[in-house]
Chemist: 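Once you've had a glance at the structure underneath, I'll fire off some questions.
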Amino acid sequence: MSTLPKTLTLDTSTSRANPTPQPMKRLTVPRIRQRKGGEPLVMLTAYTVRMAQLLDPHCDMLLVGDSLAQVIYGLPHTVGVTMEMMALHGAAVVRGSYHAAVIVDMPFGSYEGSPEQAFDNAARLLKETGAAAVKVEGGKVLAPTIEFLTQRGIPVMGHVGLTPQAVNILGGYGVRGKSEEEARSIVEDAVAVAQAGAFSIVIEGVLESIAIEITEKVACPTIGIGASAQCDGQVLVTDDMLGMFERVPKFVKRYQDMAGVVNGAVKEYADEVRSRSFPTEDQIYAG
């Protein structure tokens, strides 16, 4: 009998969630760190089993982002996300993948209070989801917390620049780093986070020169979103790049019009139901 560790994926050959074992082949945090300056890292968000299955073969990392606030729950921003939400969606994404390292966002209010609070909540997320790491937003002020977590066995991804959980302080989602003072502060934040032990850092919504400077200064990989192609990798909200929403940020490339595809398919179904042309005899169980 094989002693390889196993994870569960879903059998996509049927309509049922029937798990089948797959050998564990996940990218690890040390391997991701080693990609600094090498082949760019690919990361997308995932919140469900089925989307994780579809993204997993193409991605190095899957981020269970607190962007699920808007994408899944229709909330105005990420501040309302709870630990329960992140734990449930994180576990689903881990079950639906076997290649990509899964990173789970720590929600607002779950790590800012103290390093001890952060450890308790991060440990819970890793235990309940099986994810590889957690992500926290913040710079110099969070460095002691990141160091506390990493020294206790919890891998941490950092996040600097535009930090959506601070929307109430920032006053919106505009580009950060336009002033010399703010640009210098963002670079200092990234350096502090890297020195504290973060294995990678998301750089969001900053001027390109800032992203390039950070990428050159820190030893860990940088993951850009609205930053620069010169970062060590890129991340997007999957629903944005698939065209599920009409409005997306300027930095998003829409690779498909999935909203249009869904709308067309549902309209065709509705038309056939109303005309009584669905179901056909082939689609009805005979007695």
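Residue indices begin at 1 and follow the sequence shown. All values derive from a computational prediction rather than experimental measurement.
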Chemist: Apply side chain to side chain donor-acceptor pair (under 3.5 Å) to H159 and K135, showing your working.
Modeler: CA-CA 7 Å; H159 186 149; K135 181 168 76 66; 2.8 Å; yes
Chemist: Do L54 and V262 land in one hydrophobic cluster if side-chain heavy atoms of ILVMFWY residues count as linked below 4.5 Å?
Modeler: no
Chemist: Cation-pi check for F278 against R276: NZ or CZ below 6.0 Å from the six-membered ring centre and within 45 degrees of the axis, yes or no?
Modeler: no
Chemist: Check for a donor-acceptor pair, side chain of T238 on one end and backbone N or O of T45 on the other, with a separation under 3.5 Å.
Modeler: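 Between the backbone of T45 and the side chain of T238 there is a qualifying donor-acceptor contact (under 3.5 Å).
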Chemist: Quick one about S97 and R26 (side-chain donor to acceptor, distance below 3.5 Å, no hydrogens or angles considered), yes or no?
Modeler: yes
Chemist: Side chains of F251 and L236: does their closest heavy-atom pair fall under 4.5 Å?
Modeler: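 SC-SC contact between F251 and L236 confirmed.
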Chemist: Are V248 and R254 close enough that some pair of their side-chain heavy atoms sits under 4.5 Å apart?
Modeler: yes
Chemist: When you group the ILVMFWY residues by side-chain heavy-atom contacts below 4.5 Å and let the links chain together, are V237 and I72 in the same group?
Modeler: yes
Chemist: Using side-chain heavy atoms (C-beta onward) and a distance below 4.5 Å, is V141 in contact with E112?
Modeler: no
Chemist: From the options D66, T78, D105, select the one residue that forms a side-chain hydrogen bond (donor to acceptor under 3.5 Å, both in side chains) with Q165.
Modeler: D66
Chemist: Restricting to non-hydrogen atoms, name the atom on A198 and the atom on R33 that form the minimum distance, rounded to 0.1 Å.
Modeler: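 Answer, listing the atom of A198 first, then R33: O-NH2, 3.3 Å.
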Chemist: Report the distance from atom SG of C220 to atom CE of M157, rounding to the nearest 0.5 Å.
Modeler: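 Answer rounded to 0.5 Å: 9.0 Å.
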Chemist: Can you confirm whether S179 sits close enough to E182 that some side-chain heavy atom of one is under 4.5 Å from a side-chain heavy atom of the other?
Modeler: yes
Chemist: I want to check something: taking the side chain as every heavy atom from C-beta on, are L142 and V193 in contact at a cut-off of under 4.5 Å?
Modeler: no
Chemist: Do M61 and I223 touch side chain to side chain, with heavy atoms closer than 4.5 Å?
Modeler: yes
Chemist: Would a 4.5 Å heavy-atom cut-off, applied to side chains only, mark E208 and I212 as touching?
Modeler: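 Side chain of E208 against side chain of I212, heavy atoms only: contact under 4.5 Å found.
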Chemist: Distance check, rounded to the nearest 0.5 Å: I210 atom CD1 versus R184 atom CZ?
Modeler: 11.0 Å
Chemist: Can you measure from CD (Q234) to CD1 (I203) and round to the nearest 0.5 angstrom?
Modeler: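 Rounded to the nearest 0.5 Å, the CD-CD1 separation comes to 9.5 Å.
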Chemist: Would a hydrophobic clustering, with Ile, Leu, Val, Met, Phe, Trp and Tyr connected at side-chain separations under 4.5 Å, put Y269 with I284?
Modeler: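 In one cluster: no.
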Chemist: One pair to check against salt bridge (Lys or Arg N to Asp or Glu O under 4.0 Å): E213 and K217. What are the steps and the verdict?
Modeler: CA-CA 6 Å; E213 182 177 355; K217 283 190 172 181; 3.0 Å; yes
Chemist: When the ring centroid of H77 is compared with that of F108, is the distance short of 6.0 Å?
Modeler: no
Chemist: Heavy-atom distance under 4.5 Å between the side chains of V206 and L162, does that happen here?
Modeler: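 Contact flag for V206/L162 side chains = no.
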Chemist: Just by modelled atom types, is the V42 backbone N or O under 3.5 Å from a matching donor or acceptor in the D60 side chain?
Modeler: yes
Chemist: Do the side chain of R152 and the main chain of F148 share a donor and acceptor less than 3.5 angstrom apart?
Modeler: yes
Chemist: If you measure from CG on D120 to CD on Q117, what distance do you get to the nearest 0.5 Å?
Modeler: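 Output value for this atom pair is 8.0 Å.
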Chemist: Does a sphere of radius 6.0 Å around CD in E181 hold more than 12 heavy atoms from other residues, nucleotides or ligands, not counting ones at 6.0 Å or beyond?
Modeler: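 Result for CD/E181: open.
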Chemist: How close do P155 and V29 get, counting heavy atoms only, and between which atoms?
Modeler: CB-CG2, 3.8 Å
Chemist: In Å, rounded to the nearest 0.5 Å, how long is the span from NZ of K140 to CD of Q195?
Modeler: 11.5 Å
Chemist: With rounding to the nearest 0.5 angstrom, report the CZ to OG distance, F119 to S114.
Modeler: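 With rounding to 0.5 Å, CZ (F119) is 12.0 Å from OG (S114).
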Chemist: Can L88 be reached from M106 by stepping across I, L, V, M, F, W or Y side chains whose heavy atoms are under 4.5 Å apart?
Modeler: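 Result: no, two separate clusters.
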Chemist: Indicate whether any N or O donor in one side chain lies under 3.5 Å from an N or O acceptor in the other, for Q34 and R31.
Modeler: no
Chemist: Give a yes or no on this: more than 12 heavy atoms of other residues, nucleotides or ligands lie within 6.0 Å of atom CD of E180.
Modeler: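 No, CD of E180 has 12 or fewer neighbouring heavy atoms, counting only those of other groups under 6.0 Å.
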Chemist: Please answer whether the main-chain N or O of V218 pairs with a side-chain N or O of K36 as donor and acceptor at a distance below 3.5 Å.
Modeler: yes
